[in-house]
**Student:** 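This is the structure I want to talk about, given as structure tokens.
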Amino acid sequence: MGKIILTGDRPTGKLHIGHYVGSLKRRVELQNSGEFDEIFIMIADAQALTDNADNPEKVRQNIIEVALDYLACGLDPKKCTLFIQSQIAELTELSFYYMNLVTVSRLQRNPTVKSEIAMRNFETSIPVGFFTYPISQAADITAFQATTVPVGEDQEPMLEQTREIVRKFNSVYGEALVEPEILLPDNKACLRLPGTDGKAKMSKSLGNCIYLSDSEDEVKKKIMSMYTDPNHIQVSDPGEVEGNTVFTYLDAFCKDEDFVKYLPDYKNLDELKDHYRRGGLGDVKVKRFLNSVLQAELEPIRQRRKEYEANIPYVFQILKEGSEKAAAAAANTLRGVKAAMKINYFDDMELIEEQSKKYQSQE
């Protein structure tokens, strides 16, 4: 069995820099590492519909936005398989079989499900599809025999539920599924990048995102209005670095060589932080430095996006071919699952022969 990755995103909006540092940048690194035999990257439109069923156009329109962001960040269709979840019918069938292996109480205890339900104010009116999201995710992962799933730490409970389903299936039906391992971001600042307003999560509804597709001017405007230390009023005031969004972003993005290019008064980020803590360093100077760092990171992404925007039919062709390849892989897994469950009736020659002998002996 080779090393296989499965990961993806819900197409509910354009992707932002939180997605980039939390997963997209790492996916490109993994794709180029040569360490993995297959990399499947899914646009999870079916999952997005579990809480957007009354607004399917939102999901439909964002398929291309997510695909463009993927390609702009450097995901290469020659090295990884980009596909659309809803085009893989086998995922639905696998989900149906896995539902028999999970209790309602276990789903209710899933911390990710609980927090998402609270955030959306579902209370008792939870759509069944949304409630069974962890089962659907288990189908996505196991369909491609994924050995590795790169996700943020908030998704650990979801992956653990997948592992439980795999163990349960294999114990009941025999070893047919692969138990995946989680791969977390190696930069702690990338585990969960806060919004520009300092809130814990970037969200389109909160208006606190820097999108990968934002123009240079839009990025600068958002950075210059970013939340810092509210008690750092005068330049001379000592400032707090912890919980200061600007420094959290610098932790995620800046490198020592950036200081040589954009802020040669300092050797590294530790020196900059020390000065800010002592006082005598203004927020505007730090924000301008962050803007230089972030613009340098985003400019190649913006340029690649423009190139793909000029040929949208080609982007859809990439998704079509990727979906066909993903469907073939999922179909192979489903055959193995049905064989293990002994519901592959027409392929089970042993069953046919056994039943034939049984009724011949009665004559």
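Computed from a prediction, not measured in an experiment: that's the story for all the values here.
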**Student:** Quick check: Tyr97 with Tyr173 (ring centres under 6.0 Å apart)?
**Tutor:** no

**Student:** Quick one: do Arg305 and Glu65 make a salt bridge, cutoff under 4.0 Å?
**Tutor:** yes

**Student:** Do other residues, nucleotides or ligands put more than 12 heavy atoms under 6.0 Å from the CZ atom of Arg288?
**Tutor:** no

**Student:** Under 4.0 Å between a side-chain nitrogen and a carboxylate oxygen: does that hold for Arg167 and Glu164?
**Tutor:**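 Looking at Glu164 together with Arg167, the answer is no, because their closest N to O distance does not fall below 4.0 Å.
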
**Student:** So, are Lys273 and Asp251 salt-bridged, with charged N and O less than 4.0 Å apart?
**Tutor:** yes

**Student:** So do the side chains of Leu319 and Ile63 get within less than 4.5 Å of each other, counting heavy atoms only?
**Tutor:** yes

**Student:** Quick one: does Asn32's side chain have a donor or acceptor within less than 3.5 Å of a partner on Val28's backbone?
**Tutor:**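 Side chain of Asn32 to backbone of Val28, a donor-acceptor pair under 3.5 Å: yes, one is there.
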
**Student:** Could you tell me whether the side chain of Asp258 and the main chain of Lys255 form a donor-acceptor pair under 3.5 Å?
**Tutor:** yes

**Student:** In terms of side-chain geometry, is the basic nitrogen of Glu160 or Arg163 positioned less than 4.0 Å from the acidic oxygen of its partner?
**Tutor:** yes

**Student:** What is the ring orientation for Tyr276 with His232, classed by angle as parallel under 30°, tilted 30 to 60°, or perpendicular over 60°?
**Tutor:** tilted

**Student:** In this structure, are over 12 heavy atoms from other groups packed under 6.0 Å from Lys220 atom NZ?
**Tutor:** no

**Student:** Compare all side-chain heavy atoms of Asn311 with those of Val315 and state whether any distance is below 4.5 angstrom.
**Tutor:** no

**Student:** Checking side-chain polar atoms at under 3.5 Å, does Gln355 have a donor or acceptor matched by the opposite partner on Tyr359?
**Tutor:** no

**Student:** Hey, does the side chain of Glu38 reach the backbone of Gly2 with a donor-acceptor pair shorter than 3.5 angstrom?
**Tutor:**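 No, Glu38 side chain to Gly2 backbone: no donor-acceptor pair under 3.5 Å.
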
**Student:** Report yes if some heavy atom in the side chain of Ile318 is under 4.5 Å from a heavy atom in the side chain of Leu71; otherwise report no.
**Tutor:**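 The answer is yes, as the side chains (C-beta and beyond) meet within the 4.5 Å cut-off.
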
**Student:** Please report the shortest heavy-atom distance between Ala252 and Leu193, naming the atom on each side.
**Tutor:**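 Of all heavy-atom pairs spanning Ala252 and Leu193, the closest is CB-CD1, 3.9 Å.
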
**Student:** Is it true that atom NZ of Lys199 has more than 12 heavy atoms of other residues, nucleotides or ligands lying nearer than 6.0 Å?
**Tutor:**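 Incorrect, the count does not exceed 12.
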
**Student:** State plainly whether the residues Arg277 and Asp274 are in salt-bridge range, i.e. N to O under 4.0 Å.
**Tutor:** yes

**Student:** Looking only at side-chain N and O atoms, does Glu240 offer a donor or acceptor that is under 3.5 Å from a partner on Asn244?
**Tutor:**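 No, no side-chain donor-acceptor contact under 3.5 Å.
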
**Student:** With no hydrogens and no angle check, is any side-chain donor or acceptor of Arg60 less than 3.5 Å from a backbone partner on Asp45?
**Tutor:** no

**Student:** Mind checking whether Glu297 and Val21 have side chains closer than 4.5 Å, heavy atoms only?
**Tutor:** no

**Student:** Ignoring hydrogens, what is the shortest heavy-atom contact between Ala139 and Leu91? Give both atom names and the distance.
**Tutor:** CB-O, 3.6 Å

**Student:** Any non-hydrogen side-chain atom of Ile5 less than 4.5 Å from a side-chain atom of Pro150?
**Tutor:** yes

**Student:** Could you check whether any side-chain N or O of Ser323 sits under 3.5 Å from a backbone N or O of Ile84, counting only pairs where one atom can act as donor and the other as acceptor?
**Tutor:**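 Yes, the answer is positive, given that a donor and an acceptor are paired below the 3.5 Å cut-off.
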
**Student:** With heavy-atom distances below 4.5 Å as the criterion, would you say the side chains of Val102 and Gln161 are in contact?
**Tutor:** yes

**Student:** Can a salt bridge be assigned to the pair Arg335 and Glu90 using a cut-off of 4.0 Å between side-chain N and carboxylate O?
**Tutor:** no

**Student:** Spell out, as yes or no, whether a donor-acceptor pair under 3.5 Å connects the side chain of Asn208 to the backbone of Asp197.
**Tutor:** no

**Student:** Please enumerate all residues that pass salt bridge (charged side-chain N to carboxylate O under 4.0 Å, His left out) together with Glu350, with sequence neighbours excluded.
**Tutor:** none

**Student:** Check the side chains of Gln47 and Asp140 for a donor-acceptor pair under 3.5 angstrom, ignoring hydrogens and angles.
**Tutor:** yes

**Student:** May I ask you to check whether over 12 heavy atoms, not counting those of Lys79, lie within 6.0 Å of atom NZ?
**Tutor:** yes

**Student:** Within a 6.0 Å radius of atom CZ on Arg106, are there more than 12 heavy atoms belonging to other residues, nucleotides or ligands?
**Tutor:** yes

**Student:** Is there a side-chain contact between Leu250 and Phe289 (heavy atoms, below 4.5 Å)?
**Tutor:** yes

**Student:** Just do the side chain to side chain donor-acceptor pair (under 3.5 Å) check on Asp9 and Tyr70 with the steps written out, would you?
**Tutor:** CA-CA 10 Å; Asp9 299 279; Tyr70 280 171; 2.7 Å; yes

**Student:** Does Glu353 have more than 12 heavy atoms from other residues, nucleotides or ligands lying within 6.0 Å of its CD?
**Tutor:** no

**Student:** Salt bridge (charged side-chain N to carboxylate O under 4.0 Å, His left out) with Lys320: which residues, sequence neighbours excluded?
**Tutor:**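 Checked Lys320 against salt bridge (charged side-chain N to carboxylate O under 4.0 Å, His left out); matches are Glu324.
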
**Student:** Can you find a pair of side-chain heavy atoms, one from Asp237 and one from Asp229, that are under 4.5 Å apart?
**Tutor:**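 They are not in side-chain contact.
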
**Student:** Does one side chain, of Gln295 or Glu299, offer a donor that lies under 3.5 Å from an acceptor on the other?
**Tutor:**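 Side-chain D/A pair, Gln295 to Glu299: absent.
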
**Student:** Please list, chain by chain and in numerical order, all residues satisfying ring pair (Phe, Tyr, Trp, His ring centres under 6.0 Å) with Tyr262, sequence neighbours excluded.
**Tutor:** none

**Student:** Anything under 30° is parallel, anything over 60° is perpendicular, the rest tilted; go ahead and classify Tyr266 against Phe259.
**Tutor:** perpendicular

